[in-house]
Undergrad: 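I'd like to ask some things about the structure below.
Proteins come first, then strands; the chains are lettered A, B, ... in the order of their sequence lines, and each starts at number 1. Predicted model only: the values in this text are computed from it and were never measured.
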Amino acid sequence: MGKKTLMTGNEAIAEAAVQAGCRHFFGYPITPQSEIPEYLSKRFPEVGGCFLQAESEIASIYMVFGAAGAGARVMTSSSSPGISLMQEGISYISAAELPCVIVNVMRGGPGLGGIQPSQSDYFQATKGGGHGDYHVLVLAPSTVQEAADLMMEAFDLADKYRNPVMILGDGFLGQMIEPVEFKRRSSTDRPARDWTITGAKGRAQNVVKSLYLKPDVLEQHNLQLHRKYQKMIKNERRVETYLTEDAQVVIVAFGMAARIAKTAIKILREKDIKAGLVRPISLFPFPYQTLEKVAEKVDKLLVVEMNLGQMIEDVKLGVCGKAAVHFYGRVGGMVPSYDEIVAEVEKIVKKKR
Amino acid sequence: MKTPFYEDIILAGFGGQGIMFIGKLLIHGSMKEGKNVTWIPSYGPAMRGGTANCTVVISDEAIGSPVISSPHSLIVMNNPSLDAFEPRLKEGGVLVMNSSLITRKVKRKNITVIGVPANEIASEIGDKRAANMVMLGAYVAHTKTVSKEKILEGLTDLLGEKKRQLFEVNKKAFEKGMEFGKV
């Protein structure tokens with residue numbers, strides 16, 4: 001394409017999937033992400049893709065499991081309550097080491113909650129929302145452009161690690177319109193997949209499973225998964241730092257909250273308060289090292305989230321007591337305003353520590 | 001050094017008045033002028049008759065928050081929208097309001113108010129649905145956020161082939177609105 005067009009975050013995510021070569025979608029509608037399946041239901045027939053609205057989120061994720069096992073480039077999307085329903089399947093797919101992309105356009109919870117934007121699924125996304133010792137790779141875009149870019153990359157990362165990759169956005173990111181440009185991909189080649197179940201004629205049987213009854217065998221499997229997560233931690237940490245060089249106070253926020261924080265930082269700097277931002281883009285693996293470095297120079301941090309304090313735990317692990325970590329959050333679909341963030345930072349700056 | 005351009009607007013009315021549409025038109029036109037833009041809707045079960053609003057940011061620089069506490073400008077099409085957003089308008093800001101439907105007086109003294117009888121004008125032109133374009137015309141003429149040419153280009157894009165026959169009436173409504181916004 002190479003031309004900027006205006007799209008909602010949901011549409012851009014869907015189009016990015018098409019351009020990344022994804023041809024299988026299984027899902028069930030839920031606000032505020034229904035435009036993803038809506039878009040793909042129109043777009044996939046044009047490119048020979050398979051769009052299927054399943055009877056539930058549970059069915060959707062197991063269809064993803066099946067398609068991934070057969071080697072397809074496959075995705076699903078949902079919003080918080082629907083993603084909860086998928087957790088069992090995500091655990092199975094992680095255990096079976098299959099690549100897929102899962103999009104969570106978060107809304108307020110718990111339970112059915114509401115339909116307005118939220119970031120309250122951070123724990124669920126980053127700590128392994130289902131049972132067992134596993135992780136999905138989690139990427140959190142903050143603009144429509146970044147959502148499209150990360151979505152394309154998500155499929156490659158899923159293949160690279162044979163692991164689910166989650167795009168974690170919120171209702172505003174899904175609904176908002178911004179210019180987006182789809183970057184030409186140098187290649188849509190995928191790594192060799194000799195593990196797929198495509199019929200064993202003329203070759204040894206492939207087995208895709210998550211059941212290991214012998215504890216010593218399961219332990220080896222767990223350790224192999226662990227080595228894989230260590231590789232992700234080594235290679236895939238992504239973070240944006242903004243005006244942290246001369247900062248006296250640093251805000252830590254991801255996704256939509258980080259954008260709002262940037263405006264707050266501009267206002268603060270006009271008031272001669274030198275504020276900066278650390279924006280984790282990969283939430284698992286989390287950029288602990290960046291925070292460790294920041295905490296060597298800055299003694300006050302403010303974590304801003306659209307929840308009541310989830311990422312702050314990872315921030316504290318990174319900071320490791322070297323700086324005071326404060327928190328400001330709004331919940332239930334309420335979004336923190338830059339004025340509120342400015343007021344919080346002003347309060348913190350006045351504090352002795 | 002020239003100060004970089006920055007403008008943010010909240011547009012509000014009831015569902016069916018075309019508030020979301022003129023918000024989109026504004027960002028289409030502004031993008032064509034090379035600006036960064038964001039458009040964020042109030043989303044939810046608000047259809048015809050309910051309240052609807054969207055927030056638009058237009059800037060030379062990368063846009064931080066697409067959510068605005070106190071906007072520089074306000075376009076309101078009905079009473080509930082005026083009640084909801086008048087207190088939030090920035091000091092010295094511009095309020096463009098639909099005087100056909102807004103029956104109460106504006107309370108704020110420290111803002112510029114442009115009253116536009118948008119429904120009457122749209123009816124005179126021959127399509128009462130074009131009241132939104134009258135409002136947009138008044139706003140654009142007053143603030144010069146974007147050129148008339150780019151708005152009309154955007155209109156062509158947004159209407160597409162299917163609704164091409166609506167171009168002339170929308171253009172006329174926009175031009176009529178501009179007369180009210182001229183400084």
Side-chain angles (χ1 to χ4, degrees), chain A residues 3-10 31-35 105 107 114-117 142-146 170-181 240 242-243 251 253 256-268 277 279 304 306 330 333-343, chain B residues 3-4 6-11 19-47 52-72 87-88 90-91 146 150 153-155 157-158 160:
Chain A
K3 192 176 161 264
K4 277 190 179 174
T5 47
L6 288 167
M7 274 186 163
T8 67
N10 284 336
T31 308
Q33 65 79 50
S34 294
E35 294 81 7
V105 182
R107 55 188 251 180
I115 60 170
Q116 299 302 319
S142 75
T143 66
V144 172
Q145 181 65 58
E146 195 179 31
D170 69 86
F172 269 167
L173 184 73
Q175 297 292 321
M176 75 182 291
I177 296 179
E178 268 189 306
V180 59
E181 186 180 346
E240 180 196 356
Y242 174 70
L243 301 177
I251 299 172
M256 186 55 61
R259 285 189 79 143
I260 300 168
K262 275 191 182 172
T263 299
I265 287 164
K266 200 173 172 209
I267 298 169
L268 285 161
L277 175 74
R279 178 174 74 91
V304 179
M306 282 144 67
R330 293 293 301 265
M334 298 301 290
V335 175
S337 73
Y338 44 78
D339 290 339
E340 290 163 11
I341 298 172
V342 166
Chain B
T3 346
Y6 178 88
E7 164 74 341
D8 49 29
I9 317 116
I10 292 180
L11 305 94
I19 276 292
M20 301 306 202
F21 181 83
I22 56 169
K24 284 181 193 172
L25 189 47
L26 198 48
I27 61 165
H28 267 262
S30 300
M31 186 181 75
K32 284 174 186 293
E33 289 183 352
K35 302 278 202 302
N36 293 304
V37 293
T38 61
W39 175 96
I40 204 160
S42 61
Y43 67 90
M47 293 297 282
N53 71 74
C54 59
T55 304
V56 165
V57 182
I58 302 163
S59 176
D60 281 335
E61 298 178 322
I63 295 171
S65 180
V67 190
I68 301 303
S69 320
S70 43
H72 290 82
R88 281 172 55 179
K90 218 178 204 94
E91 207 181 307
V146 55
K150 294 297 171 194
E153 276 179 36
L155 184 63
D157 293 352
L158 280 183

Undergrad: Flag the one option from A:R259, A:M176, A:E178 with the top tally of heavy-atom pairs under 4.5 Å to chain B.
TA: A:R259
Undergrad: What are the residues of residues 58-67 of chain B, in order of number, with any heavy atom under 4.5 angstrom from a heavy atom of chain A?
TA: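 If one takes a 4.5 Å heavy-atom cut-off, the residues of residues 58-67 of chain B near chain A are B:E61, B:I63, B:G64, B:S65, B:P66, B:V67.
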Undergrad: Does this structure show an ion pair linking A:R279 with A:E146, if we count only N-O contacts that are shorter than 4.0 Å?
TA: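 Yes.
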Undergrad: Calculate, to the nearest 0.5 Å, the distance between atoms OG1 and CD1 belonging to A:T263 and A:I260 respectively.
TA: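 So the gap between those two atoms works out to 8.0 Å.
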Undergrad: Check step by step if side-chain contact (heavy atoms from CB on, under 4.5 Å) holds for A:K266 and A:Y338.
TA: CA-CA 10 Å; A:K266 200 173 172 209; A:Y338 44 78; over 6 Å; no
Undergrad: Can you name the residues that form a side chain to side chain contact (heavy atoms under 4.5 Å, CB included) with A:E35, not counting sequence neighbours?
TA: A:N10, A:E38, A:Q175
Undergrad: Of all residues at least two apart in sequence or in a different chain, which pass the side chain to side chain contact (heavy atoms under 4.5 Å, CB included) check with B:S70?
TA: A:D339, B:K90
Undergrad: Would you list the atom pairs, donor with acceptor, under 3.5 Å between side chains in residues 25-32 of chain B and any protein atom, with sequence neighbours excluded?
TA:
{"residue": "B:S30", "atom": "OG", "partner": "B:L26", "partner atom": "O", "Å": "2.8"}
{"residue": "B:K32", "atom": "NZ", "partner": "B:D157", "partner atom": "OD2", "Å": "2.7"}

